[in-house]
Engineer: 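Okay, here's the structure, questions in a sec.
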Amino acid sequence: MRTRRGRPGFSHLLTPGTIGPITLPNRVIMPAMDMNVCHDGVVTDDDIEHYAARAAGGTGMVITSASAVAFPVGATSLKEPGLSDDRFIPGLRALADAVHRAGSLLCVQATHHGKVARVDTLQGRPLLVPSAPEGALDLSSLQDNTPDELAQMGAVTAGRTPTYREATEEDLSWLVEQFAQAARRVMVAGADAMEIHCAHGYILGGFLSRADNRRTDRWGGSLENRARLACDVIAAVRREVGDRLAVIVRVAGEEYGEEAALTRQEAVAAAQLFEAAGADAIHVTGWGRNPFRDFLKGPLPNEVGAYRDNARAMKAAVSIPVIAVGRVLPEVGEEMIAAGEADFVAMGRQLLADPELVDKLRAGRRESVRPCINCYVCVERNFWDDTPVCAVNPALGDEQAAVLLPVPSPRHVVVVGGGPAGMETARVARERGHRVTLVEAGDRLGGSAWFSQLTTPANGPLLAWQQHELERLGVVVLLGRRATAESLLALRPSTVVLATGATRGRPAVPGADLPHVQTGDTLRALLTGTSSPSADREAWRSGRTLRWLARAGRLTGATKRPELLRRATATFLPVGKNVVVIGGSLVGLELAEFFAERGKSVTVLEEGAQLGLPMALPRRWYAVRRAADHGVRLERRAVPEEITATSVVYRDAEGRRSTVAADLVVVASEVSSGAPLAKELADRGVAVEVVGDAGEVGYIQGAVHSAWQVARSL
Ligand SMILES: Cc1cc2nc3c(=O)[nH]c(=O)nc-3n(C[C@H](O)[C@H](O)[C@H](O)COP(=O)(O)O)c2cc1C
Ligand code: SF4
């Protein structure tokens with residue numbers, strides 16, 4: 001896979017490939033991702049721009065979001081594409097034309113959402129299911145939703161409670177015909193393929209899974225019976241379109257989280273039946289059956305190459321092409337295709353983050369691909385029927401905005417702070433033609449996000465990408481320079497952009513100054529060997545072992561290598577046994593898991609009612625559960641009252657005074673924005689902007705988006 005110059009090559013990914021009657025220019029497919037921008041089922045210009053941008057970026061084929069074959073019946077949103085009437089054809093045709101003009105192929109994903117057809121509930125219809133659901137879903141994760149989030153989720157169905165109806169023979173004949181007619185419309189619109197959705201709990205997937213299908217008629221029981229509905233749909237679609245459309249079937253290679261879930265063996269056997277029924281390709285996804293608990297297992301896995309084994313098993317069992325999905329990074333995809341584990345790979349979130357992925361690989365510019373950081377911000381909004389935003393790609397949903405207009409008269413922009421906000425400002429300003437100098441107090445770029453790699457490794461590639469782009473663009477980076485008004489004025493800036501990050505304080509309780517109490521800043525300074533006058537002063541008050549650890553790290557260079565630091569601290573972290581984290585937000589929860597994974601006994605004290613804010617919902621649910629699985633004691637509505645040399649005293653949710661042992665106290669609360677230099681500079685007549693946490697605490701998404709807005713306006 002390596003080229004002669006030692007860089008990864010992508011010859012397998014970039015080779016054309018065939019699915020039934022169509023040939024894709026390369027092996028990279030964009031899988032279905034809801035954009036929720038249709039109007040009453042009609043494709044809009046926003047849809048077209050979104051897909052055309054991915055097509056123009058070199059993607060071999062783009063698949064639309066799930067589209068409802070019986071719209072609005074069986075739809076999950078009125079903003080998803082409809083396929084149930086000829087009135088939907090012109091929009092689809094405009095989409096197909098735009099994608100073709102951009103050099104790619106279009107596949108339309110078709111489904112009936114079955115038990116998740118929220119529009120049916122909204123409009124007062126029962127949900128069509130194989131069997132009435134048994135037992136209640138575990139909804140305990142929802143305790144960490146804010147009232148606003150709960151209200152938005154409830155509003156999608158106007159707060160109505162779903163009712164269910166077991167499908168009759170008549171319903172199933174109707175459904176098969178709906179798919180066939182949908183395929184005709186897709187074909188007439190000029191698309192190249194249709195993907196039949198047989199996963200994620202939608203109706204065909206429901207029939208396939210023992211956990212949803214307890215029927216005793218010819219549609220239930222044996223695998224053949226459970227796969228019958230999907231096979232009938234495939235055959236009917238095939239009859240309708242002949243070989244004028246490629247017919248792809250999306251199936252879970254495995255379902256997760258329940259005893260009776262679909263197994264890999266069953267999924268493979270079903271794929272063989274789908275092939276016999278006329279499918280041209282199998283697209284192997286995965287599904288965690290309870291989205292509030294298992295969403296990070298599927299359909300949006302947390303792990304890189306999560307469904308690789310399932311794709312490999314499928315590939316060994318069928319003779320039609322197999323499409324693999326699930327955090328497939330380019331290197332993983334290349335390896336899988338080279339090894340014969342898959343024929344095509346679908347990259348979802350990665351193509352939201354960077355529509356030009358394929359073109360960049362083709363041009364040998366792998367390092368310029370903006371990485372997805374697996375933060376789940378995009379999909380969160382699907383929970384309330386909204387359009388995704390991307391934490392790292394602010395142009396998602398507004399592709400015109402991705403075009404950075406050159407400035408008529410370049411000026412000197414000085415950016416203070418080398419975290420994600422500072423680097424994004426510098427990148428965009430420089431890309432537009434300004435001369436840019438970035439001043440950073442520390443000895444490296446990345447700011448507090450550099451430290452976050454210890455707990456969230458997926459943040460690392462974003463920093464590496466930003467740094468690479470600054471080098472490529474020729475931004476002047478001055479490290480180890482603590483900015484003052486004088487030093488900035490000496491640089492003769494036209495504009496100064498302050499991206500100096502948040503301030504992290506201590507709680508106003510007795511004992512908050514004790515040596516074993518660390519704030520985010522002091523902990524970062526200690527573990528990464530970085531320094532700032534205040535952090536140094538504070539860090540010095542910390543325990544002797546921690547100081548020793550920091551010195552050892554600095555000498556060995558470990559403090560500059562997150563992977564090494566992660567591994568080193570996994571075997572040796574002399575902070576005592578008991579760790580109390582004050583503040584159970586995103587950072588607090590991740591730190592808690594970090595310490596718990598290293599064998600510490602960890603307690604999180606969160607004053608609010610929810611943990612994990614502002615993590616995107618599915619990741620929040622997962623993080624809270626993982627922390628609990630690691631044995632972290634999680635206390636919501638817990639107010640610290642005093643810190644002693646060996647404990648933290650707090651008022652618990654019931655108002656009782658409780659005490660928890662603490663050898664180390666980490667303060668992850670008390671984070672506030674602020675940029676004191678702003679006033680000083682403004683008073684001296686300098687144009688100043690503030691971005692990132694210095695302006696408003698918003699972590700990586702807030703940092704990148706605010707920086708992008710400001711840099712585009714300079
Ligand atoms: C915002 C969003 C919406 C999605 N909507 C759909 C959908 O409509 N149909 C579907 O089959 N999968 C959907 N998915 C799942 C993706 O198709 C894909 O399988 C998943 O994101 C895993 O691939 P990735 O790790 O490359 O992102 C969605 C994913 C995202 C991020
Ligand atoms: S929002 Fe986060 S998970 Fe979604 S595509 Fe962007 S970076 Fe990836």
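Remember, it's 1-based here, ligands and their atoms both numbered in the order they're listed.
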Engineer: Could you tell me, atom by atom, which parts of ligand 1 come under 4.0 Å of a heavy atom of Met347?
Structural biologist: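 Counting atoms of ligand 1 from 1, those under 4.0 Å from Met347 are 26 (O).
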Engineer: Under 4.0 Å, heavy atoms only, figure out whether ligand 1 is touched by the backbone of Arg250, its side chain, both or neither.
Structural biologist: side chain
Engineer: Using a 4.0 Å cut-off to any heavy atom of Tyr376, which atoms of ligand 2 qualify?
Structural biologist: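 It comes down to these atoms of ligand 2: 2 (Fe), 3 (S).
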Engineer: Counting heavy atoms only, which part of Val389 comes closer than 4.0 Å to ligand 2: side chain, backbone, both or neither?
Structural biologist: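 Near ligand 2, Val389 shows its backbone, while the atoms from C-beta on stay back.
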Engineer: Heavy atom to atom 26 (O) of ligand 1, shortest distance: which of Ala324, Gly348, Cys378 holds it?
Structural biologist: Gly348
Engineer: Could you name the option among Ala199, Ala32, Pro299 that has the heavy atom nearest to atom 20 (C) of ligand 1?
Structural biologist: Pro299
Engineer: When you measure from atom 9 (N) of ligand 1 to every protein heavy atom, which one gives the shortest distance, and what is it?
Structural biologist: Gln109 OE1, 2.9 Å
Engineer: Heavy-atom count check: over 12 atoms from other residues, nucleotides or ligands less than 6.0 Å from Asp45 CG?
Structural biologist: no
Engineer: Does Asp294 come within less than 4.0 Å of Arg625, counting only side-chain N to carboxylate O?
Structural biologist: yes
Engineer: How does Arg327 reach ligand 1, if at all, at less than 4.0 Å between non-hydrogen atoms: by side chain, backbone, both, or neither?
Structural biologist: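 The answer is both.
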Engineer: Measuring centre to centre across the rings, with the benzene-like ring taken for any Trp, is Tyr376 within less than 6.0 Å of Tyr622?
Structural biologist: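 When the ring centroids of Tyr376 and Tyr622 are compared, they turn out to be at least 6.0 Å apart.
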Engineer: Which protein non-hydrogen atom lies closest to atom 8 (O) of ligand 1, naming both residue and atom, and how far is it?
Structural biologist: Asp34 OD1, 3.0 Å
Engineer: Would you call Arg366 and Glu331 a salt bridge, using N to O less than 4.0 angstrom?
Structural biologist: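 Yes, Arg366 and Glu331 are salt-bridged.
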Engineer: Considering non-hydrogen atoms of the protein only, which is the closest contact for atom 4 (Fe) of ligand 2, and what is the distance?
Structural biologist: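 That would be Cys378 SG, 2.4 Å.
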Engineer: Would you say the side-chain atoms of Lys79 pair up with the backbone N or O of Asp385, donor to acceptor, closer than 3.5 Å?
Structural biologist: yes
Engineer: With heavy-atom distances below 4.0 Å as the criterion, list the atoms of ligand 1 near Gly326.
Structural biologist: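 Ligand 1 atoms under the 4.0 Å threshold to Gly326: 23 (O), 25 (O).
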Engineer: So for Gln350, does at least one of its heavy atoms come nearer than 4.0 angstrom to any atom of ligand 1?
Structural biologist: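 No; Gln350 lies far enough from ligand 1 that no heavy-atom distance drops under 4.0 Å.
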Engineer: How about Gln178 and His112: does a side-chain donor come under 3.5 Å of a side-chain acceptor?
Structural biologist: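 On atom types as modelled, these side chains do not qualify, holding no pair under 3.5 Å.
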Engineer: Does a side chain donor of either Ser368 or Glu469 reach within less than 3.5 Å of an acceptor in the other side chain?
Structural biologist: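 Yes - a donor-acceptor pair under 3.5 Å links their side chains.
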Engineer: Give the atoms of ligand 1, by number and element, whose distance to some non-hydrogen atom of His197 is under 4.0 Å.
Structural biologist: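 Close to His197: 9 (N), 10 (C), 11 (O).
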Engineer: Quick test of your reading of the model: are Asp359 and Arg365 salt-bridged, counting only N-O distances below 4.0 Å?
Structural biologist: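 Looking at Asp359 and Arg365, the cut-off is not met.
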Engineer: Is the backbone of Gly288 close enough, under 3.5 Å, to the side chain of Lys297 for a donor and an acceptor to pair up by distance?
Structural biologist: no
Engineer: Which heavy atom of the protein is the closest neighbour of atom 31 (C) of ligand 1, given with residue, atom name and distance?
Structural biologist: Leu300 CD2, 3.5 Å
Engineer: Measure the distance from atom 23 (O) of ligand 1 to every protein heavy atom, then report the residue, atom name and distance (to 0.1 Å) of the closest one.
Structural biologist: Val325 CG2, 3.4 Å
Engineer: Within the stated cut-off of 2.8 Å, is an N/O/S atom of Cys375 closer than that to atom 2 (Fe) of ligand 2?
Structural biologist: yes
Engineer: Any salt bridge between Glu80 and Arg118, counting N to O under 4.0 Å?
Structural biologist: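 No, Glu80 and Arg118 are not salt-bridged.
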Engineer: Give me the residue, atom name and distance of the protein heavy atom closest to atom 1 (C) of ligand 1.
Structural biologist: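 Its nearest protein heavy-atom neighbour is Asn382 OD1, 3.6 Å.
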Engineer: Can you spot which of Trp287, Tyr202, Phe179 makes a ring pair (Phe, Tyr, Trp, His ring centres under 6.0 Å) with His197?
Structural biologist: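 By the ring pair (Phe, Tyr, Trp, His ring centres under 6.0 Å) criterion, His197 pairs with just one of Trp287, Tyr202, Phe179: Tyr202.
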Engineer: Which of the numbered atoms in ligand 2 are below 4.0 angstrom from a heavy atom of Ala391?
Structural biologist: 1 (S), 6 (Fe)
Engineer: Mark up the atoms of ligand 1 that fall under 4.0 Å of a heavy atom belonging to Ala66, in ascending order.
Structural biologist: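 Taking each heavy atom of Ala66 in turn, ligand 1 has 8 (O) under 4.0 Å.
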Engineer: At less than 4.0 angstrom from any non-hydrogen atom of Arg349, what atoms of ligand 1 do you find?
Structural biologist: 24 (P), 25 (O), 26 (O), 27 (O), 31 (C)
Engineer: Starting from atom 8 (Fe) of ligand 2, what is the nearest protein heavy atom, named by residue and atom, and what distance separates them?
Structural biologist: Cys372 SG, 2.4 Å
Engineer: Is ligand 1 under 4.0 Å from a heavy atom in the side chain of Thr111, in the backbone, in both, or in neither?
Structural biologist: neither
Engineer: Give me the residue, atom name and distance of the protein heavy atom closest to atom 7 (S) of ligand 2.
Structural biologist: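 Residue, atom and distance for the closest contact: Ile373 N, 3.3 Å.
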Engineer: Side chains of Glu590 and Thr456: do they bring a donor and an acceptor to under 3.5 Å?
Structural biologist: yes
Engineer: Between Arg289 and Glu258, does at least one N-O distance fall below 4.0 Å, as a salt bridge requires?
Structural biologist: yes
Engineer: Ignoring hydrogens and geometry, is there a side-chain-to-backbone donor-acceptor pair from Arg27 to Val345 under 3.5 Å?
Structural biologist: no
Engineer: Please list the nearest protein heavy atom to atom 5 (S) of ligand 2 with its residue and the distance rounded to 0.1 Å.
Structural biologist: Arg349 O, 3.4 Å
Engineer: Under a 4.0 Å N-O cut-off, is there an ion pair linking Arg54 with Glu399?
Structural biologist: yes
Engineer: To the nearest 0.1 Å, how far is atom 30 (C) of ligand 1 from its closest protein heavy atom, and which atom is that?
Structural biologist: Met33 CG, 3.5 Å
Engineer: Does any N, O or S atom of Cys390, backbone or side chain, fall under 2.8 Å from atom 8 (Fe) of ligand 2?
Structural biologist: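 It does not: Cys390 brings no N, O or S atom closer than 2.8 Å to atom 8 (Fe) of ligand 2.
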